[in-house]
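Each chain gets a letter, A, B and so on, in the order the sequences are listed, and its residues count up from 1.
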2 protein chains.
Amino acid sequence: MGYRCCMAVDREQVLRSAAALLTRKSTATMDEVARAAGISRATLHRHFAGRDALVRALEELGIAECEAALEAARPDDGPAAGAVRRLVRAIEPSAALLAFLYTENQLFEGEEQNAGWARIDARLTDLFRRGQESGEFRIDLTPAWLTEALYGLLGAGAWAVAEGRVARNDFNHMIVELLLGGALRRE
Amino acid sequence: MGYRCCMAVDREQVLRSAAALLTRKSTATMDEVARAAGISRATLHRHFAGRDALVRALEELGIAECEAALEAARPDDGPAAGAVRRLVRAIEPSAALLAFLYTENQLFEGEEQNAGWARIDARLTDLFRRGQESGEFRIDLTPAWLTEALYGLLGAGAWAVAEGRVARNDFNHMIVELLLGGALRRE
DNA sequence: CCCATATGAGACACCTTTGTCTCAGGCAGG
DNA sequence: CCTGCCTGAGACAAAGGTGTCTCATATGGG
């Protein structure tokens with residue numbers, strides 16, 4: 001049977017280019033996705049049963065990247081602020097994909113969402129809660145809100161970079177410093 | 001001719017209910033919009049030539065609300081931090097509509113966007129720049145980024161409230177405190 | 001060389017949404 | 001009461017996207 005290694009590789013490449021396109025134009029057609037991947041619509045359909053399956057696969061990719069970033073950031077090590085800095089740095093390459101999935105998830109109103117998000121949310125919430133309990137973070141901003149805010153800032157940052165309103169090199173600094181330090185000057 | 005006062009009123013009501021629906025389900029059909037407004041699709045089409053026209057009208061509404069909020073917040077008066085607090089408070093009722101338009105604008109890739117946004121962006125940017133020049137705000141976060149971040153936090157806040165992850169009463173505090181003060185405790 | 005497999009191109013029907021139209025009913029003002 | 005206007009309901013075609021199919025082709029392994 002034709003279960004070759006290149007199948008997976010091709011699928012991965014298609015997924016990457018689909019992510020790159022859909023993060024820029026979330027309403028792109030299956031035809032556009034195929035064209036962007038350099039394959040025909042028929043082959044795209046052979047990899048992903050339909051548009052839904054493609055989005056689901058992108059969701060799995062996004063979840064995997066998030067969990068890898070969480071893994072790499074060691075959120076339980078050292079000061080919570082440092083963990084947040086490591087996390088944002090690790091998650092930066094996935095920010096655009098995350099922003100796409102974030103808005104896409106709002107459309108899956110009825111259906112239950114992938115359990116992976118709950119795991120990631122829980123780990124992020126735990127990190128912010130740890131920061132509160134260690135006295136680093138203020139306690140009037142709930143961990144759930146800080147998690148949401150992180151998503152929102154990642155999306156806004158990705159969008160601002162794509163629009164050229166923020167330099168790509170400043171992405172980390174802008175997000176981390178605003179999230180941790182806010183706009184006000186410290187005395 | 002039939003240019004009665006109630007024409008405008010009805011259109012306004014339709015617009016409001018369309019905003020309420022589309023902010024929850026951005027892919028709602030013209031039929032769903034009409035049904036939500038309690039009118040028929042034919043009458044909806046008599047008010048708005050098409051879906052595009054409806055979204056444009058919502059955009060005008062959002063811009064008008066933003067400018068009204070800016071007006072009410074007196075962004076040039078007193079400390080910049082206070083102006084930001086007043087602004088977020090004034091703009092809170094429009095946050096969901098803003099979030100809808102924010103993502104919707106990403107689809108109008110080719111076309112030029114409404115000039116109103118540029119005006120609003122300029123005023124927000126001016127406010128943040130004023131805060132920097134007065135020494136209140138840090139200078140390593142650019143005014144353009146603070147503007148984008150405000151949009152992002154408003155959207156994330158509206159979404160978090162809609163999902164029940166943040167209490168509606170905390171909306172202001174969560175957004176303003178994170179934007180101005182950040183997550184870290186002040187000494 | 002031969003064959004299997006994957007691919008590209010295209011045709012096709014189907015569905016959803018949209019925009020337009022017509023027609024009948026209701027309501028208010030004259 | 002009559003008339004004009006607005007409205008709702010429904011029909012209709014057109015457009016766009018999707019999913020499925022067929023067929024010819026090329027490419028690589030045996």
Side-chain angles (χ1 to χ4, degrees), chain A residues 1-59 100-101 103-111, chain B residues 1-59 100-101 103-111:
Chain A
M1 309 297 289
Y3 296 146
R4 262 179 260 352
C5 64
C6 56
M7 280 280 295
V9 170
D10 271 3
R11 195 186 134 107
E12 193 70 15
Q13 289 172 343
V14 171
L15 211 50
R16 294 289 171 180
S17 79
L21 174 59
L22 286 172
T23 54
R24 279 184 296 115
K25 186 182 174 189
S26 60
T27 59
T29 315
M30 290 294 274
D31 199 81
E32 294 176 284
V33 172
R35 211 170 294 271
I39 62 179
S40 71
R41 198 161 64 95
T43 303
L44 178 58
H45 267 276
R46 285 178 193 115
H47 282 304
F48 306 98
R51 193 172 218 285
D52 264 21
L54 175 61
V55 174
R56 299 307 169 107
L58 283 172
E59 195 173 27
F100 164 72
L101 295 172
T103 62
E104 198 75 5
N105 262 347
Q106 302 182 189
L107 308 183
F108 292 165
E109 219 170 331
E111 306 129 66
Chain B
M1 307 298 287
Y3 296 147
R4 260 176 266 344
C5 64
C6 57
M7 280 279 295
V9 170
D10 273 359
R11 195 186 134 107
E12 192 70 15
Q13 289 171 345
V14 171
L15 211 50
R16 295 288 172 181
S17 78
L21 174 60
L22 286 172
T23 54
R24 280 184 294 112
K25 185 183 177 188
S26 60
T27 59
T29 317
M30 289 295 273
D31 198 82
E32 296 176 281
V33 172
R35 211 170 294 271
I39 61 178
S40 72
R41 199 160 64 94
T43 302
L44 178 59
H45 266 276
R46 285 178 193 118
H47 283 303
F48 304 98
R51 191 172 221 284
D52 265 20
L54 176 61
V55 174
R56 299 306 169 107
L58 284 171
E59 196 174 26
F100 165 71
L101 295 172
T103 62
E104 199 74 6
N105 261 347
Q106 303 182 186
L107 308 182
F108 292 164
E109 220 171 331
E111 307 130 66

Using a heavy-atom distance cut-off of less than 4.0 Å, which residues of residues 17-25 of chain A contact DNA chain C?
none

Please indicate whether A:Arg35 has more than 12 foreign heavy atoms, meaning atoms of other residues, nucleotides or ligands, lying under 6.0 Å from its CZ.
no

Determine yes or no for a side-chain-to-main-chain donor-acceptor pair under 3.5 angstrom, with A:Arg11 supplying the side chain and A:His47 the backbone.
yes

Drop me the distance from B:Arg56's CZ to B:Leu101's CG, to the nearest 0.5 angstrom.
11.0 Å

CD1-CZ distance between B:Ile39 and B:Arg46, expressed to the nearest 0.5 angstrom
9.5 Å

Pair listing, side-chain hydrogen bond (donor to acceptor under 3.5 Å, both in side chains) test, anchored in residues 17-27 of chain B, at least two apart:
B:Lys25-B:Glu32

Whole-Å distance separating the CZ atom of B:Arg11 from the P atom of D:dC6
15 Å

Taking only side-chain N and O atoms of B:Thr43, does any of them lie within less than 4.0 angstrom of OP1 or OP2 on D:dG8?
yes

If I compare all heavy atoms of A:Ala28 with all of A:Leu21, which pair ends up nearest, and what's the gap?
CB-CD2, 3.8 Å

In whole Å, I'd like the distance from the CD1 atom of A:Ile39 to the C1' atom of C:dA9.
14 Å

Can you measure B:Arg35 atom CZ to C:dT17 atom P for me and round it to whole angstrom units?
12 Å

Interatomic distance, OG1@B:Thr43 vs CG@B:Asp10, rounded to 0.5 Å, equals 9.5 Å

Using a cut-off of 4.0 Å between protein heavy atoms and nucleotide atoms, how would you tag nucleotides 16-22 of chain D 5' to 3' with B, S and -?
-SBBB--

Working to the nearest 0.5 Å, report the span between CD of B:Glu59 and CD of B:Glu104.
9.0 Å

